[in-house]
Number of protein chains: 2
Amino acid sequence: MAAPSSVSAATTASPLFLREHEVRRGVELLFFGYTRLTRAIDDGLAEHGLGRAHHRALYFIARQPDLTISELLKILAITKQSLGRVLTDLAEKALVETRTGVVDRRQKLLRLTAEGVRFEAQLFDALRTSLASAYAAAGQESVTGFWRVLEGLIPAEDKAMVIALQKDI
Amino acid sequence: MAAPSSVSAATTASPLFLREHEVRRGVELLFFGYTRLTRAIDDGLAEHGLGRAHHRALYFIARQPDLTISELLKILAITKQSLGRVLTDLAEKALVETRTGVVDRRQKLLRLTAEGVRFEAQLFDALRTSLASAYAAAGQESVTGFWRVLEGLIPAEDKAMVIALQKDI
DNA sequence: TTAGATACGTCAATATGGCTGCCCCATCTT
DNA sequence: AAGATGGGGCAGCCATATTGACGTATCTAA
């Protein structure tokens, strides 16, 4: 563990001595924050007969058009089978379409259809409303800290993937 | 990250001006951060043949001994049925015990057994390791911001419950 | 004291979203 | 030509959640 000084300066000694209370607080806020945020879109999904798994796929396809199946598998960290069902549903509802890869014809490039774009945007709006109000209430400095801590939770081997995601918007 | 100008101009910020990128970044970091943190304890749980649902119950009972069933239901926001199965499992494994309420004999007060305390502490240790290193890497100021944003994600009607949880440690 | 509300338990049926193991084909690489 | 890789699919299983209805014990208030 690095950089104990910044921590010891404030409330506690060193990370090793991090008080249980502070860790529990983080665990709980993450639990409530995450679950409440995801609940914000359940109704929108249910209207289309979809669940959260569908949204996760939809979201990352929206974020990175022409994503391949294997890239999406890495992001979601689920099995091919699980993703398969989800993508089948999304294709049947004409929210997602695939085309054969150009550089490698084995690959399938995933994209949202026009309707998929519309739907994802609608769901995203609910997320934006929740997150934006939390950001606004906390202030920009807090938002930066929020990002920083969360980045620290991502294991090194996954970090590149997350950074890459956030590069192109 | 990109130009905060629109946002920093609005530390008091009108959510309407929040850029999509900043919201997507939050959504993604929350997703990866939360899922990676919870994965940290999957192995420990699997050794006992338990899942994440069991851990959530275990965790909140550890946090608030003599919690009643209905209080726990409120916290977890699942149905009585779902919780029932989880608690049955935990009782069978002698990790949780109940006693009849003193002020209200209809209530069941939930507590960890000695073994339950030991087990929860072991799982908590994995969480602490992850979170503590993220805290240390980010610094105390960031941690405060992290908490602040997450608090903003909790709807008003749930906030009292969360605050109450965090009062007594 | 009795009627109704509350706390908890439990039934049956159902949905969702994960998993494993195994096998297939098409395509790329060497 | 051989093997690795990207993708698809089958069968079966498991964990976790849901709804709605109903039962019992206990508390509270008219």
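Within every chain, numbering begins at 1; the chains are lettered A, B, ... in the order of the sequence lines, protein sequences first and strands thereafter. Just so we're clear, the structure is a prediction, and the values are computed from it rather than from any experiment.
In this structure a side-chain-to-backbone donor-acceptor pair under 3.5 Å is present from B/Thr35 to B/Phe31.
Rounded to whole Å, the distance from CG on B/Leu58 to C1' on D/dT16 is 17 Å. The interatomic distance linking A/Lys108 (NZ) with C/dT27 (C1') rounds to 14 Å, in whole Å. At whole-Å resolution of the value, CZ in A/Arg56 and P in C/dG17 are 8 Å apart. We find that CG of A/Leu45 is positioned 15 Å from C1' of C/dA15, with the value rounded to whole Å. For the pair B/Arg39 CZ and C/dG18 C1', the computed distance is 12 Å after rounding to whole Å. The distance between atom CZ of B/Arg105 and atom P of C/dC8, rounded to the nearest whole Å, is 14 Å. Nucleotide C/dC19 holds its P atom 11 Å from the CG atom of B/Asp42, rounded to whole Å.
For the segment residues 69-94 of chain A, the set of residues with a heavy atom within less than 4.0 Å of an atom of DNA chain D comprises A/Ile69, A/Ser70, A/Lys80, A/Gln81, in numerical order.
Within 3.5 Å, a donor on the side chain of A/Arg106 pairs with an acceptor on the base of D/dT5, or the reverse.
Side-chain N/O atoms of B/His54 include none lying less than 4.0 angstrom from OP1 or OP2 on D/dA15.
Across D/dC27, C/dG17, C/dC8, the shortest atom-to-atom separation from the side chain of A/Arg52 is found for C/dG17. You'll find that the side chain of B/Ala53 is closest to D/dT16, out of D/dT16, D/dG7, C/dG9.
We find that B/Glu115 and B/Lys93 are not joined by a salt bridge, their nearest charged nitrogen and carboxylate oxygen being 4.0 Å or further apart. Between A/Arg128 and B/Glu22, no side-chain nitrogen of the basic residue sits less than 4.0 Å from a carboxylate oxygen of the acidic one, so the salt-bridge criterion is not met. Under a 4.0 Å N-O distance rule, the pair A/Glu97/A/Lys108 does not qualify as a salt bridge.
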Test side-chain hydrogen bond (donor to acceptor under 3.5 Å, both in side chains) on B/Tyr59 and A/Glu28 and set out the steps.
CA-CA 10 Å; B/Tyr59 179 95; A/Glu28 286 149 32; 2.6 Å; yes
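Rounding to the nearest 0.5 Å gives a distance of 9.0 Å between CG of A/Leu87 and NE2 of A/His54. The CG atom of B/Leu29 sits 11.5 Å away from atom CZ of B/Arg36, with the distance rounded to the nearest 0.5 Å.
Remark: A/Pro65 engages A/Arg111 in a side-chain contact (heavy atoms from CB on, under 4.5 Å) (not counting sequence neighbours).
The cationic atom of A/Arg24 (NZ for Lys, CZ for Arg) lies less than 6.0 Å from the six-membered ring centre of B/Phe124 and within 45° of the ring axis.
Bending across the helix from C/dT1-D/dA30 to C/dT30-D/dA1, expressed as the angle between its end axes from five pairs apiece, amounts to 30° (10° rounding).
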